[in-house]
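Presented below is the structure to which this report refers.
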Amino acid sequence: MPTGSYVVETTRTAEVEAREQTDLWSERVAAYQTRMDYRFTRAEVFRGEMVRQRSDTYQVVTWDSDQIEYARTPGLIRRVPDPDYRLLFPLSGEVQLRQDDREVRLTPGTGSLITLDAPFEILHGASLRGVIMSIPAQAIDGPLNRQAPLATGLDLAKGWAAWCTPWCAA
C-alpha cells in the first residue's frame, strides 16, 4: 500500500446467499483482525455489516451483526500471532469480554483495551453496534510497560473518546 493511503471498505452479509453469510463474516473478521473461532447463534442466516477504515498504521472497524461469540485460543495464537492491541467499545448494546481471568460487560460509554495475543472470548447480542480500533503494539507497550491490566472496563465518557464516539458512529 502506498504511504499515506486511506481505505474504506464495507461488508454486508445481505449481499450474498444465506448459505454463504457466515463464511463471508468469518473471512472478513480474519482479514480485518486475525484468525478466531466463531459460534453463530443462527448459522443458517446471519445478518451483519462492517465498515473498515484504515491507514498505513491504524484501523477502525464499526460493525453490527446478529448474536455471535468470538474466541481466540492458545492454538490460534501460536499459529497466527498478533501482537497489536484493540480498543473495543459499543455504541449501542452490550459486549461481554473475558480475558486473563477477568470478565467485563461493556456498554455505551465504556470500552476495553485488549490484546489478541492472549486467549479471550467476546460475546454480544443482536442489538450491538460496536467499534474496534487496531493500535500497533509499540504505541502501547512503551507507555504502559505491559504492566497495565487488559480486559478492564474504561470510562469513555471523557477525553478523546467523547470526540471519537460521534466520528466512529458515522
Side-chain angles (χ1 to χ4, degrees), residues 1-13 15 24-38 48-65 68 70-93 95 97-100 102 104 106-122 124 128-170:
M1 179 183 318
T3 302
S5 64
Y6 185 79
V7 177
V8 177
E9 301 167 282
T10 301
T11 299
R12 292 180 186 92
T13 60
E15 295 175 353
L24 174 63
W25 195 258
S26 301
E27 289 167 8
R28 291 299 160 86
V29 169
Y32 295 174
Q33 302 302 330
T34 192
R35 174 73 175 87
M36 293 185 225
D37 288 333
Y38 312 92
E49 179 176 327
M50 63 178 93
V51 177
R52 176 190 198 194
Q53 302 175 62
R54 68 183 171 99
S55 68
D56 295 337
T57 308
Y58 294 93
Q59 169 179 275
V60 174
V61 177
T62 57
W63 87 99
D64 63 89
S65 72
I68 187 172
Y70 302 91
R72 189 99 156 108
T73 63
L76 285 173
I77 294 164
R78 280 190 302 277
R79 286 192 301 279
V80 187
D82 185 333
D84 294 335
Y85 293 88
R86 304 305 192 275
L87 177 62
L88 171 68
F89 59 95
L91 298 172
S92 63
V95 174
L97 168 64
R98 293 183 200 112
Q99 187 173 43
D100 294 331
R102 289 184 170 85
V104 63
L106 305 175
T107 57
T110 64
S112 184
L113 185 65
I114 65 171
T115 177
L116 301 187
D117 261 359
F120 69 80
E121 294 176 328
I122 295 174
H124 68 75
L128 178 83
R129 177 161 167 75
V131 177
I132 188 163
M133 179 178 184
S134 300
I135 304 169
Q138 65 268 19
I140 299 291
D141 289 346
L144 291 183
N145 198 22
R146 293 192 66 124
Q147 299 302 312
L150 300 175
T152 302
L154 304 171
D155 180 0
L156 300 180
K158 300 175 186 166
W160 77 269
W163 165 85
C164 178
T165 300
W167 173 80
C168 294

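- With contacts defined as side-chain heavy-atom distances shorter than 4.5 Å, the pair Thr11/Arg52 does not qualify.
- Taking CD1 from Ile132 and CD from Gln59, the interatomic distance works out to 8.5 Å, rounded to the nearest 0.5 Å.
- Atom CE of Met50 and atom CZ of Arg12 lie 12.0 Å apart (nearest 0.5 Å).
- Salt bridge annotation for Asp100-Arg98: absent, with no cationic side-chain nitrogen under 4.0 angstrom from a carboxylate oxygen.
- Of the inter-residue distances, the one linking Glu49 atom CD with Glu15 atom CD reads 8.0 Å to the nearest 0.5 angstrom.
- Using modelled atom types, one side-chain atom of Thr13 and one backbone atom of Gly48 make a donor-acceptor pair closer than 3.5 Å.
- Among all heavy-atom pairs drawn from Pro108 and Gly93, the shortest one is CD-O, 3.2 Å.
- A donor-acceptor pair under 3.5 Å is absent between the side-chain atoms of Asp82 and the main chain of Asp117, judged by distance alone.
- The shortest non-hydrogen separation linking Pro136 to Thr57 is CG-CG2, 3.5 Å.
- Minimum interatomic distance between Arg86 and Ser134 (heavy atoms only, all atoms of both residues): NE-OG, 3.1 Å.
- Between atom OG1 of residue Thr73 and atom CZ of residue Phe120 there is a gap of 10.0 Å, rounded to the nearest 0.5 Å.
- By the 4.5 Å heavy-atom criterion applied to side chains, Ile114 and Ile122 are counted as neighbours.
- Atom OH of Tyr58 sits about 6.5 Å away from atom CE of Met133, to the nearest 0.5 Å.
- Note on ring orientation: taking the six-membered ring where Trp is involved, the planes of Tyr70 and Tyr38 are perpendicular (angle over 60°, cut-offs 30° and 60°).
- Taking the side chain as every heavy atom from C-beta outward, Ile140 and Gln138 never approach each other to under 4.5 Å.
- The backbone N or O of Val61 lies less than 3.5 Å from no partner atom in the side chain of Tyr32, so there is not a single donor-acceptor pair.
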What's the verdict on side-chain contact (heavy atoms from CB on, under 4.5 Å) for Ile68 and Trp25, showing C-alpha distance, side-chain angles and the deciding distance? CA-CA 11 Å; Ile68 187 172; Trp25 195 258; 3.9 Å; yes
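- Taking 4.5 Å as the limit, some side-chain heavy atom of Ser65 sits within range of a side-chain heavy atom of His124.
- Between Pro90 and Leu128, the shortest heavy-atom distance links the atoms CB-CD1, 3.5 Å.
- For Leu87 against Ile135, the heavy-atom pair with the smallest separation is CB-CD1, 4.2 Å.
- Considering CG of Asp37 and CD of Glu121, their distance stands at 10.0 Å, rounded to 0.5 Å.
- Closest of all the heavy-atom pairs between Arg72 and Leu116 is NE-O, 2.8 Å.
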Salt bridge (charged side-chain N to carboxylate O under 4.0 Å, His left out) evaluation trace for Arg54 with Asp56: CA-CA 7 Å; Arg54 68 183 171 99; Asp56 295 337; over 6 Å; no
